[in-house]
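Take a look at the structure below.
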Amino acid sequence: MTGSSPDWQNWSENINYKPESPYYFMPKNLAELQAVLAKAKEDDAIVRVSGQRHSQPPLVISSNPARTTYLVDMACYADEATNNQRMLVVSESPPQVIVNPGVREDELDAFLTNNSLMLKTVTAGGFFSLGGMTAVDVHGGTVNEGIFAETVSSFTIIKADGSQKTIAASPDIDFARVSLGGIGIVTSMTLEALERQYKDTLIGSVDFVPWATDEFNEDGFTQTFSALLAQYQQGGRLEVFFNPYAAQLDKHFLALGWQRNSMPVTPLSPEQPYDTCTSADGGEGDFGADYIKDQDLAIGAAVIAQEAGNSLEAALITGTAMLATKGWAEEANAAFSDLWLTQATRVMFMSYFIELPTLDAVGLRRAWLGLNKVAELVKGNGQEFYIAAPMEFRFIKGGSTAMSGTFTSNPGNTYFVNLDLIGFVPGNGAAYSDALLNFFAKVERYWFETLNGIPHHGKMYGFYDPSLDGESFSPEPFNPNFLEKLRERRSKFPEFKTFCKQEDPDGRFYNEYLQLLLGA
Ligand SMILES: Cc1cc2nc3c(=O)[nH]c(=O)nc-3n(C[C@H](O)[C@H](O)[C@H](O)COP(=O)(O)OP(=O)(O)OC[C@H]3O[C@@H](n4cnc5c(N)ncnc54)[C@H](O)[C@@H]3O)c2cc1C
């Protein structure tokens with residue numbers, strides 16, 4: 001199996017890897033994948049899967065890996081599990097599909113539609129690989145579902161020695177979900193789906209929801225979201241956008257919702273699935289979300305607005321982004337799709353899961369506190385940093401997945417809110433400004449220390465060193481002392497590490513980032 005040496009960049013462009021020797025492999029079948037693993041053993045290389053490259057931590061690879069690293073792209077991979085078709089319906093009742101992991105979410109979504117099925121929970125865009133969505137604590141907006149990986153009931157992995165193993169039962173499945181690529185390469189997975197007989201089985205809505213009170217306060221927030229969540233708790237999906245400048249503007253949330261329709265009538269029509277394999281173009285192709293047109297101009301303006309010393313421009317850009325989001329969601333709804341995000345601006349995110357634990361006033365107060373922290377930090381003139389994008393938040397059910405930010409000892413009865421904070425940054429690995437780092441550190445201290453939040457594994461975090469005083473920030477994300485503190489807080493981390501060592505005794509998949517996160 002011969003590799004190639006494309007320049008590798010993640011979608012956010014914070015990681016740039018440009019090796020000269022071949023390191024990128026695109027196996028089409030099990031024998032080719034086994035050959036890559038045999039070569040990796042011979043060359044004593046670390047092996048990682050490269051999905052749609054949307055993760056921002058150096059999960060796939062870093063810009064300067066200390067060890068030889070081989071990347072495996074599964075975009076064209078198929079095997080017997082799917083009758084070599086990459087996606088296969090294996091049961092109609094309950095609806096189950098087996099999928100090879102390089103398939104993108106939107107490709108699967110179209111395949112499911114063509115089989116009168118749909119996913120239990122979806123991300124906004126559909127441009128991630130199933131492998132990446134289940135190796136990380138990726139979630140959607142379905143209020144009564146957990147993270148996406150918890151809709152998968154079994155994983156087949158290939159280990160470093162080329163042998164295959166299927167993991168379907170507890171407790172191992174709790175480590176196979178959100179494995180961070182640390183136990184082997186997932187070659188197929190069984191997904192639990194839902195029936196969808198009509199296009200309008202799910203009905204989308206896009207609403208500017210007025211604040212219940214004149215100020216952005218706890219009572220108003222609780223009132224609004226108690227009412228809203230009551231509508232979405234029976235299989236509904238909800239994504240909400242908060243403009244932290246809205247107190248001076250329109251005092252609305254933007255709520256994108258999808259509900260089960262009790263009287264659907266519109267027949268399904270065949271959909272053309274996205275072709276993940278062809279688009280990968282041997283590793284040189286397009287990965288993940290399309291960037292918006294003229295994004296360099298938009299990013300340049302937003303970078304300036306973030307540090308303008310007043311909120312005027314940042315508020316304008318945030319308001320414009322809310323309107324664009326509304327338009328995209330309306331377009332998707334007209335096509336009966338909940339994958340509304342078809343293009344995006346290259347940004348960095350910090351995303352935290354905060355346990356509520358219930359969707360009552362006490363729980364919702366914690367969601368409000370998390371949002372309000374940001375609103376307070378961007379109030380008035382003279383602040384060092386102003387965010388220039390809305391904050392997005394979604395409600396998710398807790399689960400038993402060891403490495404997920406939604407892990408709880410009381411799965412099924414515990415809810416989390418996920419808060420997303422966006423920063424505009426220059427691309428191509430350029431350093432983040434001190435003002436941005438300091439701002440993210442301030443928010444993170446509050447979300448992590450006060451609200452006991454846990455970072456999403458696919459996004460940026462670790463903006464401060466917990467051993468230093470409250471005003472400091474780390475010169476780079478993923479501060480090692482922060483990671484140590486995170487490790488101390490998560491009792492499941494050592495168990496997961498033991499599981500990795502058991503499944504992968506030679507550490508073939510245990511890259512530098514996992515060593516930093518879990519300990520060597
Ligand atoms: C614009 C944007 C929007 C986003 N929206 C959301 C959202 O709505 N909800 C959410 O929760 N997250 C969201 N994310 C985060 C994103 O979903 C995750 O980072 C996800 O992991 C990306 O999938 P990917 O295919 O790009 O995986 P990659 O980033 O390529 O890989 C992620 C990890 O999965 C591993 N992996 C991939 N395939 C396999 C396999 N077959 N076997 C073993 N390991 C494997 C990789 O090695 C790596 O460790 C968003 C990120 C961006 C940049």
Side-chain angles (χ1 to χ4, degrees), residues 1-11 15 17-19 21-55 57-62 65 67-82 84 86 99-104 107 128-136 155-165 176 179-189 276-288 458 500 503-504 506-514:
M1 177 85 213
T2 1
S4 60
S5 43
D7 289 352
W8 194 95
Q9 200 170 42
N10 66 341
W11 186 87
I15 303 174
Y17 181 57
K18 298 176 192 247
S21 47
Y23 74 100
Y24 199 88
F25 300 88
M26 292 197 69
K28 289 190 288 306
N29 53 47
L30 183 61
E32 290 186 357
L33 180 56
Q34 283 165 328
V36 177
L37 288 166
K39 180 171 168 50
K41 182 171 183 192
E42 218 173 277
D43 300 345
D44 194 23
I46 290 285
V47 179
R48 301 290 295 174
V49 178
S50 176
Q52 291 294 318
R53 309 180 179 184
H54 271 258
S55 293
L59 267 167
V60 174
I61 199 161
S62 69
R67 278 188 57 189
T68 304
T69 303
Y70 288 166
L71 295 189
V72 176
D73 182 330
M74 301 286 276
C76 301
Y77 178 88
D79 63 14
E80 277 179 8
T82 58
N84 295 309
R86 298 170 66 250
V99 190
N100 293 126
V103 168
R104 265 177 43 150
E107 184 180 8
F128 311 119
S129 69
L130 271 297
M133 288 174 70
T134 49
V136 169
F155 290 91
T156 298
I157 59 166
I158 187 164
K159 304 220 257 181
D161 62 5
S163 64
Q164 282 191 290
K165 172 176 180 173
S179 70
L180 305 178
I183 61 171
I185 296 177
V186 172
T187 53
S188 62
M189 63 189 83
T276 313
C277 174
T278 305
S279 301
D281 191 17
E284 306 271 4
D286 292 330
F287 292 90
C500 290
E503 299 301 317
D504 176 30
D506 293 339
R508 184 74 54 223
F509 305 104
Y510 205 70
N511 68 353
E512 287 150 58
Y513 177 69
L514 289 190

Under 3.5 Å: donor-acceptor pair, side chain of [X], backbone of [Y]:
X    : Y    : value
Q34  : G162 : yes
N511 : L59  : yes
E32  : K28  : yes
D506 : R508 : no
T134 : L130 : yes
T276 : R104 : yes

So how far is it from [X] [atom1] to [Y] [atom2], rounded to the nearest 0.5 Å?
X    : Y    : atom1 : atom2 : answer
S179 : E503 : OG    : CD    : 10.5 Å
R48  : I185 : CZ    : CD1   : 9.5 Å
L514 : L180 : CG    : CG    : 6.0 Å
C277 : E107 : SG    : CD    : 8.5 Å
I46  : I61  : CD1   : CD1   : 10.0 Å
K41  : D161 : NZ    : CG    : 7.5 Å

For a quick test of reading the model, state the closest non-hydrogen atom pair linking [X] to [Y] and the distance between them.
X    : Y    : value
V47  : A40  : CG2-CB, 3.4 Å
A176 : F155 : CB-CD1, 3.8 Å
G131 : M189 : N-CE, 4.0 Å
G288 : H54  : CA-NE2, 3.1 Å
P19  : S5   : O-CB, 4.0 Å
R53  : G283 : NH2-O, 3.4 Å

Sub-4.5 Å side-chain heavy-atom contact between V60 and W8: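 Yes, close enough: below the 4.5 Å cut-off.
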Mind listing the side-chain donor-acceptor pairs of residues 71-81 below 3.5 Å, one per line with the distance, residues two or more places apart or on another chain?
unit_1	atom_1	unit_2	atom_2	d
D73	OD1	A75	N	2.8
D73	OD2	Y24	OH	2.5
Y77	OH	D79	OD2	2.9
D79	OD1	A81	N	3.1
D79	OD1	N100	ND2	3.0

Listed partners of Y70 passing ring pair (Phe, Tyr, Trp, His ring centres under 6.0 Å), at least two apart: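 With sequence neighbours excluded, Y70 shows a ring pair (Phe, Tyr, Trp, His ring centres under 6.0 Å) to F25, given in chain and number order.
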Whether over 12 other heavy atoms sit under 6.0 Å from D286 CG: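 Count not over threshold, so no.
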Crowding at NZ, K159 (>12 non-hydrogen neighbours, <6.0 Å):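 Yes - once you tally the heavy atoms of other residues, nucleotides and ligands closer than 6.0 Å, there are more than 12.
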Plane angle bin for Y17 and Y23 - parallel if under 30°, tilted between 30 and 60°, otherwise perpendicular: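 Ring orientation of Y23 relative to Y17: perpendicular.
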Side-chain ion pair, D44 and R67, N-O less than 4.0 Å: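 Salt bridge present between D44 and R67.
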